[in-house]
Number of protein chains: 2
Amino acid sequence: MARANLTRAVVTTAAAELADREGFEAITLSALARHFGVQTASLYSHVRDRSALLDSVHELALGELADRIAVAIGGRARRDALTALADAHRDYARQCPGRWAALQRPAAASTVRSDAAGRLVALTLAMLRGYRLPETELVHATRLLGATINGFLALEVNGSFGHREPSSDVSWQRALSALDTAFRSWPTEENH
Amino acid sequence: MARANLTRAVVTTAAAELADREGFEAITLSALARHFGVQTASLYSHVRDRSALLDSVHELALGELADRIAVAIGGRARRDALTALADAHRDYARQCPGRWAALQRPAAASTVRSDAAGRLVALTLAMLRGYRLPETELVHATRLLGATINGFLALEVNGSFGHREPSSDVSWQRALSALDTAFRSWPTEENH
DNA sequence: CCACCGAACCTAAAGCTATTAGGTTCGCAG
DNA sequence: CTGCGAACCTAATAGCTTTAGGTTCGGTGG
């Protein structure tokens, strides 16, 4: 049997594909070993343990998402940029549900310091700066944005909207409108 | 050894306590069996399988949350009621993190039809009706509300806010303000 | 009073999974 | 062409879920 010549990156990618195909919980060293035609224990040469592998998928997804967002918000501002950023998140969650699920677990310390995380934060801040919020409010706006987008997608992905009428697309539009309004009329520190 | 005289309810409660203490993933038939001084296989008399047990915890949590919300929003309206409902969610997530985590997984079909789920929906709608939205918009408002609350708490619980300054309490206030504004000035179907 | 019946519990076993320890082989640099 | 490191292997431990089938307890009807 020819050697598979695995690397950490190859294993991570395969794990991501497996997750997209069969769900995040399906990421298993056994399944990956089967996929590569290799013994399970061999994977430990490339990956510290299962948890570290999941962290790798997390970071991979973070980078891919940042790439998509960078493309999406280019040349846009305000509501257009907000919509582009949010839709990039939503498209990613739909097209790569397993990778997206990896983003829901707490980020590893190394991931927080990663290039991918930095880019995502920078892009989000760039979008928000179009709304000219007070500098001290940017962090609150970022948190609201992340909460709304991730919260909506989490409910949508796990079927809480139940494929029921009206379509969740309309709800999504309403959510984006609400965010746009919130950012446009953000309260100053005096008036609460 | 005296019999434990288990029931489905007793096992579910123990599972919930275990989850609050050691995390949702720690809900294990083995651990529960140890806790009751019983063989693992014996639990299968009371619970179809692990997945059904997690569904039971989900429904338990749903009922407890509905109880808290009912008390919290009594006699309040508009922003007061919104704040009470949201804070009830947040307090629950903090005091019972394991039970709250159980709510993040997709609801079982039987749970969707449960009394607890019905009460929670009714309470949420009652709160929203204070804002006098068009009837057809209630579902969108409900989705936005759920997305924002759950999304915020998910980020808060898994440490995405990093215990960093400024405190997430302020961000929470901003989020509630944004929701209140959104509900007060909800777009009609004409103006988008 | 007692036989019995169902619920509560048990033992045994199979089949996953992660993880560690230590040994083998391949390919390339010196 | 030697040797070294990376890639891979075998073997073993340990924990989890689930199924199959057997045992015992406590209350209920005869």
Side-chain angles (χ1 to χ4, degrees), chain A residues 1-60 98 101-102 104-106 108-111, chain B residues 1-60 98 101-102 104-106 108-111:
Chain A
M1 174 82 81
R3 297 208 158 186
N5 260 307
L6 302 178
T7 71
R8 183 184 156 89
V10 169
V11 175
T12 301
T13 302
E17 287 163 0
L18 178 62
D20 288 339
R21 216 173 333 115
E22 307 185 19
F24 184 68
E25 293 303 322
I27 295 182
T28 236
L29 291 173
S30 300
L32 289 170
R34 274 193 297 275
H35 173 257
F36 287 119
V38 138
Q39 292 300 311
T40 303
S42 303
L43 295 177
Y44 284 82
S45 307
H46 307 101
V47 151
R48 184 167 42 77
D49 58 14
R50 181 171 185 268
S51 171
L53 173 61
L54 301 183
D55 289 342
S56 287
V57 175
H58 183 131
E59 196 167 324
L60 170 70
Q104 301 315 110
R105 74 195 305 263
S110 65
T111 300
Chain B
M1 174 85 80
R3 297 208 160 188
N5 260 308
L6 302 179
T7 69
R8 182 184 157 90
V10 170
V11 175
T12 300
T13 302
E17 286 163 1
L18 178 62
D20 288 340
R21 219 175 328 117
E22 307 185 20
F24 184 68
E25 293 303 322
I27 296 183
T28 236
L29 291 172
S30 299
L32 289 170
R34 274 192 298 274
H35 174 256
F36 287 119
V38 138
Q39 291 300 311
T40 303
S42 303
L43 296 177
Y44 283 80
S45 308
H46 307 100
V47 152
R48 183 166 42 79
D49 58 14
R50 182 172 185 267
S51 169
L53 173 61
L54 301 184
D55 289 343
S56 287
V57 176
H58 183 131
E59 194 166 327
L60 171 69
Q104 302 314 110
R105 73 195 306 263
S110 65
T111 301

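Please read all numbers here as calculations on a predicted model, not as lab measurements. Order of the sequence lines sets the chain letters (A, B, ...), proteins ahead of strands, with each chain counted from 1.
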Q | Distance in angstrom units between A/Y44 OH and C/dT20 P, rounded | A | 7 Å
Could you pull out every donor-acceptor pair under 3.5 Å between side chains of residues 14-39 of chain A and any protein atom, sequence neighbours left out?
| unit_1 | atom_1 | unit_2 | atom_2 | d |
| --- | --- | --- | --- | --- |
| A/D20 | OD1 | A/G98 | N | 2.8 |
| A/D20 | OD1 | A/R99 | N | 2.9 |
| A/D20 | OD2 | A/R99 | NH1 | 2.5 |

Q | Atom pair distance, as rounded to whole Å: CG in A/L43 and C1' in D/dA6 | A | 15 Å
Q) Tell me: CG of A/L53 to P of C/dT19, nearest whole Å? A) 10 Å
(Q) Looking at B/H46 and B/L6, would you say the former's side chain and the latter's main chain have a donor-acceptor pair under 3.5 Å? (A) yes
Q. Where the side chain of A/S42 is concerned, which of C/dC9, D/dC8, D/dT10 is the nearest nucleotide?
A. D/dC8
(Q) Rounded to whole Å, please give me the gap between CG in A/L6 and C1' in C/dT25. (A) 16 Å
Q: Grab the CG-C1' distance between B/N5 and D/dG26 for me, whole Å please.
A: 9 Å
Q: Return the nearest nucleotide to the side chain of A/R50; candidates are C/dT19, D/dC8, C/dA12.
A: C/dT19
Q.
I'd like to know if the side chain of A/H58 reaches the main chain of A/T111, judged simply by a donor and an acceptor atom lying under 3.5 Å from each other, with no hydrogens or angles considered.
A. no
Q: Provide, to the nearest angstrom, the distance between the CD atom belonging to B/Q39 and the C1' atom belonging to D/dT23.
A: 13 Å
Q: Select one nucleotide: of D/dA7, C/dC9, D/dT10, the one nearest the side-chain heavy atoms of A/H46.
A: D/dA7
Q) Taking only residues at least two apart or on different chains, which pairs with a member in residues 35-60 of chain B satisfy salt bridge (charged side-chain N to carboxylate O under 4.0 Å, His left out)? A) B/D55-B/R105
**Q.** Between D/dA6 (P) and A/R8 (CZ): distance, integer Å
**A.** 16 Å
Q | Within residues 10-34 of chain B: residues closer than 4.0 Å to DNA chain D (heavy atoms) | A | B/T28, B/L29, B/S30, B/R34
(Q) Nearest to the A/A41 side chain among C/dC9, D/dA20, C/dT20, which nucleotide is it? (A) C/dT20
